[in-house]
Trainee: 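First, the structure itself, so that you have it in front of you.
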Amino acid sequence: MTTRPILIHPDPRLKKRCDPVTEITEELRMAASDMLETMYDAPGVGLAGPQVGLMTRILVMDCVKDPEAAPRPMVLMNPEVTWASEALNTYEEGCLSIPEQYAEVTRPAEVKVRWLALDGSEREEHFAGLWATCVQHEIDHLNGKLFIDYLTPLKRQLITRKMEKLKRERARL
Ligand code: K1U
Ligand code: ZN
């Protein structure tokens, strides 16, 4: 297991729709394992393929926040929302590809998601709370959508300019 560099917005790879997983290869298993390590190391509660330059429909997440509780690392491939609640929830979201920027985003409070697991089985689960917010944020990544796309053009432009500056500063180091 190793960590992989996380792409920072703006990057054309973060705006592209990812391709479905067609075969569960050893390479994909290694990528999933590296993505989990990268997510825990960041630290974050989720990570999607394109954030590490992998243009495939794969995401990882673990929204267990209690340090006393057992971790619950999850790997979801080809995830699909099969049901979304009418009730909405607003959460102050962050993104590992947009460091230190946070904004309120409103999404369905609960969702059911179906996906392909690493063992090849098809799974379906009901998510609520941070899990529901996180899985929707990560599925957005697989469709080339970022949380700032829910904001006004002015707020989005402000954050994008900050990220361009951050990338210039990091490139100078
Ligand atoms: O996709 C990502 O960029 C990861 C992102 C997921 C996310 C966070 C909040 C709401 C929706 C989706 C993050 O993990 S940002 C970091 C973060 O929220 C966090 C970090 C440490 C502990 C708890 C949360
Ligand atoms: Zn994100």
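Note that the coordinates shown come from a computational prediction; the quantities given were computed from them, not determined experimentally. Each ligand, and each atom within it, is numbered from 1 in the order the structure gives.
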Trainee: Nearest protein heavy-atom contact for atom 4 (C) of ligand 1: which residue, which atom, what distance?
Mentor: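 Result for atom 4 (C) of ligand 1: Gly46 O, 3.0 Å.
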
Trainee: Return yes or no for this condition: an N or O of Lys65 is under 3.5 Å from an N or O of ligand 1.
Mentor: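 In fact, backbone or side chain, Lys65 has no N or O that close.
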
Trainee: Going only through I, L, V, M, F, W and Y residues with side-chain contacts under 4.5 Å, is there a path from Ile159 to Ile8?
Mentor: yes

Trainee: Using the Zn ion (ligand 2) as the apex, give the angle to atoms NE2 (His137) and NE2 (His141), rounded to 10 degrees.
Mentor: 100°

Trainee: For ligand 1, which atoms have a heavy atom of Gly44 less than 4.0 angstrom away?
Mentor: 14 (O), 16 (C), 20 (C)

Trainee: Do the side chain of Gln157 and the main chain of Pro153 share a donor and acceptor less than 3.5 angstrom apart?
Mentor: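 Absent.
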
Trainee: What protein heavy atom lies closest to atom 6 (C) of ligand 1? Include the residue and the distance to one decimal.
Mentor: Glu138 OE2, 3.4 Å

Trainee: With heavy atoms of His141 as the reference, note each atom of ligand 1 found under 4.0 Å away.
Mentor: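 What qualifies from ligand 1 is 1 (O), 3 (O).
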
Trainee: Are any of the side-chain nitrogens in Arg107 or Asp140 under 4.0 Å away from the carboxylate oxygens of its partner?
Mentor: yes

Trainee: Taking atom types as modelled and ignoring hydrogens, do the side chains of Glu124 and Thr82 form a donor-acceptor contact shorter than 3.5 angstrom?
Mentor: yes

Trainee: Could you find the nearest protein heavy atom to atom 5 (C) of ligand 1 and give me its residue, atom name and distance?
Mentor: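 In this structure, atom 5 (C) of ligand 1 has Gly94 O, 3.9 Å as its nearest protein heavy atom.
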
Trainee: If you measure from the Lys or Arg side-chain nitrogens to the Asp or Glu carboxylate oxygens, is any gap between Lys165 and Glu169 under 4.0 Å?
Mentor: yes

Trainee: For atom 3 (O) of ligand 1, what is the nearest protein heavy atom, given as residue, atom name and distance?
Mentor: Leu96 N, 2.7 Å

Trainee: Have Thr2 and Arg4 got a donor and an acceptor in their side chains that come within less than 3.5 Å?
Mentor: no

Trainee: Do the side-chain N and O atoms of Thr3 and Thr38 include a donor-acceptor pair separated by under 3.5 angstrom?
Mentor: no

Trainee: Answer yes if the side chains of Arg57 and Asn78 hold a donor-acceptor pair under 3.5 Å, and no otherwise.
Mentor: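 No donor-acceptor contact under 3.5 Å links the two side chains.
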
Trainee: Quick one: look up the protein heavy atom nearest atom 21 (C) of ligand 1 and list residue, atom name and how far away it is.
Mentor: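 Going by distance alone, atom 21 (C) of ligand 1 is nearest to Pro43 O, 3.8 Å.
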
Trainee: Should one rank Val45, Val60, Thr133 by closest heavy-atom distance to atom 11 (C) of ligand 1, which comes out on top?
Mentor: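 Answer by nearest heavy atom: Thr133.
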
Trainee: Does even one non-hydrogen atom of Gln51 get within less than 4.0 Å of ligand 1?
Mentor: yes

Trainee: Give yes or no for whether the N/O distance cutoff of 3.5 Å, strictly under, is met between Glu93 and ligand 1.
Mentor: no

